[in-house]
Amino acid sequence: MKTPEDYSKLELIASSKQSSKYRYLRELNNDEAWYLGTAWKYNARPSQLPPEGDWNSWLFLGGRGAGKTRAGAEWVAGHVRRARAKRIGLIAATHFEARAVMVEGESGLLGISEGAEYEPSLRRVRWSSGAEAHVLSAEEPDSIRGFQFDLAWADEFCKWADPQS
(Lines give C-alpha, C1' and ligand atoms only; values in the text may rest on other atoms or scores of the structure.)
Protein backbone atom coordinates (compact mmCIF):
# COMPACT_ATOMS: atom_id res chain seq x y z
CA MET A 1 0.00 0.00 0.00
CA LYS A 2 1.30 3.43 -0.94
CA THR A 3 2.06 5.98 1.73
CA PRO A 4 1.81 9.75 1.03
CA GLU A 5 5.60 9.82 0.49
CA ASP A 6 5.23 7.29 -2.36
CA TYR A 7 3.02 9.61 -4.45
CA SER A 8 4.36 12.19 -6.87
CA LYS A 9 3.12 15.75 -6.40
CA LEU A 10 0.78 15.30 -9.36
CA GLU A 11 -0.71 12.07 -8.00
CA LEU A 12 -1.16 13.75 -4.64
CA ILE A 13 -3.00 16.67 -6.23
CA ALA A 14 -5.20 14.40 -8.34
CA SER A 15 -6.21 12.31 -5.32
CA SER A 16 -6.72 15.24 -2.93
CA LYS A 17 -9.95 16.81 -1.78
CA GLN A 18 -10.89 19.96 -3.67
CA SER A 19 -10.09 22.16 -0.67
CA SER A 20 -6.45 20.95 -0.62
CA LYS A 21 -5.82 21.07 -4.37
CA TYR A 22 -5.28 24.83 -4.53
CA ARG A 23 -2.58 24.70 -1.86
CA TYR A 24 -0.72 21.97 -3.77
CA LEU A 25 -1.16 23.73 -7.12
CA ARG A 26 0.51 26.90 -5.78
CA GLU A 27 3.58 24.81 -4.84
CA LEU A 28 4.20 23.47 -8.36
CA ASN A 29 7.16 24.66 -10.38
CA ASN A 30 6.65 25.64 -14.05
CA ASP A 31 7.55 22.19 -15.44
CA GLU A 32 5.18 20.44 -13.06
CA ALA A 33 2.38 22.89 -13.85
CA TRP A 34 2.89 22.41 -17.60
CA TYR A 35 2.83 18.62 -17.22
CA LEU A 36 -0.33 18.73 -15.14
CA GLY A 37 -2.01 20.91 -17.75
CA THR A 38 -1.02 18.73 -20.69
CA ALA A 39 -0.72 15.13 -19.42
CA TRP A 40 -3.44 12.96 -20.92
CA LYS A 41 -4.19 11.02 -17.74
CA TYR A 42 -5.09 14.27 -15.96
CA ASN A 43 -7.11 15.76 -18.82
CA ALA A 44 -8.99 12.81 -20.32
CA ARG A 45 -12.57 12.04 -19.47
CA PRO A 46 -12.85 8.73 -17.57
CA SER A 47 -14.54 7.13 -20.60
CA GLN A 48 -11.45 7.94 -22.71
CA LEU A 49 -9.04 6.01 -20.49
CA PRO A 50 -8.39 2.31 -21.07
CA PRO A 51 -10.12 -0.05 -18.67
CA GLU A 52 -8.23 -1.38 -15.65
CA GLY A 53 -7.11 -4.98 -15.50
CA ASP A 54 -5.85 -7.66 -17.84
CA TRP A 55 -7.63 -7.47 -21.19
CA ASN A 56 -6.85 -7.91 -24.86
CA SER A 57 -9.71 -6.01 -26.54
CA TRP A 58 -11.12 -2.59 -25.78
CA LEU A 59 -14.21 -1.48 -27.66
CA PHE A 60 -14.80 2.26 -27.43
CA LEU A 61 -18.26 3.17 -28.72
CA GLY A 62 -19.16 6.81 -29.06
CA GLY A 63 -20.51 9.41 -31.40
CA ARG A 64 -18.72 12.30 -33.04
CA GLY A 65 -16.69 14.26 -30.55
CA ALA A 66 -16.57 11.46 -27.96
CA GLY A 67 -12.77 11.43 -28.12
CA LYS A 68 -12.28 8.00 -29.72
CA THR A 69 -9.36 9.05 -31.91
CA ARG A 70 -7.51 10.84 -29.13
CA ALA A 71 -8.06 7.87 -26.80
CA GLY A 72 -6.70 5.46 -29.42
CA ALA A 73 -3.69 7.61 -30.23
CA GLU A 74 -2.87 8.14 -26.55
CA TRP A 75 -3.22 4.40 -25.90
CA VAL A 76 -0.77 3.56 -28.71
CA ALA A 77 1.65 6.37 -27.78
CA GLY A 78 1.58 5.32 -24.13
CA HIS A 79 2.63 1.79 -25.05
CA VAL A 80 5.44 3.17 -27.22
CA ARG A 81 6.62 5.56 -24.47
CA ARG A 82 6.76 2.75 -21.91
CA ALA A 83 8.48 0.41 -24.43
CA ARG A 84 5.57 -2.04 -24.21
CA ALA A 85 5.05 -2.16 -27.98
CA LYS A 86 7.49 -2.01 -30.89
CA ARG A 87 5.26 -3.43 -33.65
CA ILE A 88 1.86 -1.79 -34.03
CA GLY A 89 -0.98 -2.10 -36.52
CA LEU A 90 -3.13 0.90 -37.44
CA ILE A 91 -6.16 -0.33 -39.36
CA ALA A 92 -8.98 1.79 -40.77
CA ALA A 93 -11.60 1.32 -43.47
CA THR A 94 -9.23 2.87 -46.04
CA HIS A 95 -5.59 3.96 -46.15
CA PHE A 96 -6.74 7.54 -46.65
CA GLU A 97 -8.81 7.47 -43.45
CA ALA A 98 -6.02 5.84 -41.44
CA ARG A 99 -3.59 8.53 -42.55
CA ALA A 100 -6.00 11.49 -42.33
CA VAL A 101 -7.46 10.58 -38.94
CA MET A 102 -5.27 8.15 -37.01
CA VAL A 103 -1.88 9.51 -38.10
CA GLU A 104 -2.13 13.13 -39.27
CA GLY A 105 -5.46 14.19 -37.78
CA GLU A 106 -5.77 16.78 -35.03
CA SER A 107 -5.95 14.02 -32.40
CA GLY A 108 -3.81 11.56 -34.34
CA LEU A 109 -0.45 10.07 -33.49
CA LEU A 110 1.72 12.83 -34.98
CA GLY A 111 -0.07 15.48 -32.96
CA ILE A 112 0.21 13.78 -29.59
CA SER A 113 3.27 11.54 -29.74
CA GLU A 114 6.82 12.84 -29.35
CA GLY A 115 9.37 11.48 -31.77
CA ALA A 116 6.81 10.07 -34.23
CA GLU A 117 7.42 10.57 -37.95
CA TYR A 118 5.23 9.42 -40.81
CA GLU A 119 6.79 7.76 -43.83
CA PRO A 120 3.95 7.94 -46.38
CA SER A 121 5.64 5.89 -49.11
CA LEU A 122 6.08 3.01 -46.64
CA ARG A 123 2.74 3.62 -44.91
CA ARG A 124 4.55 3.57 -41.61
CA VAL A 125 4.91 5.69 -38.47
CA ARG A 126 8.32 5.42 -36.83
CA TRP A 127 9.41 6.58 -33.41
CA SER A 128 12.94 7.48 -32.37
CA SER A 129 12.76 4.53 -29.95
CA GLY A 130 12.58 2.14 -32.91
CA ALA A 131 8.86 1.36 -32.57
CA GLU A 132 6.93 1.16 -35.84
CA ALA A 133 3.24 1.37 -36.68
CA HIS A 134 2.08 0.01 -40.04
CA VAL A 135 -0.87 1.81 -41.62
CA LEU A 136 -3.23 -0.79 -43.09
CA SER A 137 -6.60 -0.84 -44.77
CA ALA A 138 -9.61 -3.07 -44.20
CA GLU A 139 -10.15 -2.76 -47.98
CA GLU A 140 -7.21 -5.13 -48.37
CA PRO A 141 -7.70 -7.71 -45.59
CA ASP A 142 -5.09 -10.08 -47.03
CA SER A 143 -2.43 -7.37 -46.67
CA ILE A 144 -2.90 -7.52 -42.90
CA ARG A 145 -1.85 -11.17 -42.71
CA GLY A 146 1.64 -12.11 -41.60
CA PHE A 147 2.37 -9.19 -39.29
CA GLN A 148 3.22 -10.01 -35.69
CA PHE A 149 1.92 -6.96 -33.86
CA ASP A 150 2.34 -6.26 -30.18
CA LEU A 151 -0.90 -4.30 -30.40
CA ALA A 152 -3.32 -2.98 -32.98
CA TRP A 153 -5.67 -0.01 -33.14
CA ALA A 154 -8.59 -0.76 -35.42
CA ASP A 155 -10.76 2.26 -36.17
CA GLU A 156 -14.44 2.54 -37.18
CA PHE A 157 -15.44 -1.09 -37.73
CA CYS A 158 -18.87 0.08 -38.88
CA LYS A 159 -17.26 1.60 -41.99
CA TRP A 160 -15.37 -1.54 -42.95
CA ALA A 161 -16.75 -3.28 -46.05
CA ASP A 162 -16.29 -6.71 -44.41
CA PRO A 163 -15.42 -6.41 -40.71
CA GLN A 164 -15.40 -10.21 -40.32
CA SER A 165 -12.36 -10.75 -42.58
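Sequential numbering from 1 along the given sequence is applied to the chain's residues. Just so it is clear, the values below take in all heavy atoms, side chains as well, and ignore hydrogens, waters and symmetry mates.
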For this session: Say whether, by atom type as modelled, one donor and one acceptor occur between the side chain of R87 and the main chain of Q148 under 3.5 angstrom.
Result: yes
For this session: May I ask you to check whether over 12 heavy atoms, not counting those of N30, lie within 6.0 Å of atom CG?
Result: no
Exercise. So if you build clusters from Ile, Leu, Val, Met, Phe, Trp, Tyr with side-chain heavy-atom gaps below 4.5 Å, do V80 and L122 land together?
Worked result: no
Problem set entry | Transitive ILVMFWY side-chain link L136 to L151, under 4.5 Å | no
Exercise. Should we count CZ of F147 as having more than 12 external heavy atoms under 6.0 Å?
Worked result: yes
Problem set entry | Backbone N/O of F60 and side chain of K68: donor-acceptor pair under 3.5 Å | no
Problem set entry | Heavy-atom pair with the smallest gap, counting every atom of P50 and W75 | CG-CD1, 3.8 Å
Seminar exercise, completed: In terms of heavy-atom contacts, P120 and Y118 come closest through CD-O, 3.2 Å
For this session: For residues I112 and R70, determine if any side-chain heavy atom of one lies less than 4.5 Å from a side-chain heavy atom of the other.
Result: yes
Problem set entry | Electrostatic pair R126:E132 at N-O distance under 4.0 angstrom | yes
For this session: Measure the CG-CH2 distance between L49 and W58 for me, rounded to the nearest 0.5 Å.
Result: 7.0 Å
For this session: With side-chain contact (heavy atoms from CB on, under 4.5 Å) as the test, would you mind laying out the steps for W153 and T69 before giving the verdict?
Result: CA-CA 10 Å; W153 171 18; T69 301; 4.2 Å; yes
Exercise. Can you hop from V135 to F149 via hydrophobic side chains spaced under 4.5 Å?
Worked result: no
Problem set entry | Co-membership, hydrophobic cluster, residues I144 and F96, 4.5 Å side-chain | no
For this session: Would you please test E74 and Q48 for side-chain contact (heavy atoms from CB on, under 4.5 Å) and show each step?
Result: CA-CA 9 Å; E74 290 284 355; Q48 290 177 288; over 6 Å; no
Exercise. What are the two closest non-hydrogen atoms of L110 and A116, and how far apart are they?
Worked result: CD2-O, 3.6 Å
For this session: For the residue pair V76 and V125, establish whether any side-chain heavy-atom pair is separated by less than 4.5 Å.
Result: no
Exercise. So with a 6.0 Å cut-off around CD of E117, is the heavy-atom count from everything else above 12?
Worked result: no
Exercise. Counting distance only, does the side-chain N/O of R99 pair as donor-acceptor with the main-chain N or O of H95 below 3.5 Å?
Worked result: no
For this session: Taking K86 for its side chain and S129 for its backbone only, find out whether a donor-acceptor pair lies under 3.5 Å.
Result: yes
Exercise. So which heavy atom on A93 is nearest to which on E139, and how close?
Worked result: O-CG, 3.1 Å
Exercise. Just by distance, do the side chain of W160 and the backbone of S137 share a donor-acceptor pair under 3.5 Å?
Worked result: no
For this session: Report yes or no: does D150 contribute a side-chain atom to a donor-acceptor pair with the main-chain N or O of I88 at less than 3.5 Å?
Result: no
Problem set entry | Nearest-0.5 Å distance, CG of residue D155 to CE of residue M102 | 5.0 Å
For this session: Would you name the heavy atoms of A85 and A131 that are closest together and state the gap between them?
Result: O-CB, 3.8 Å
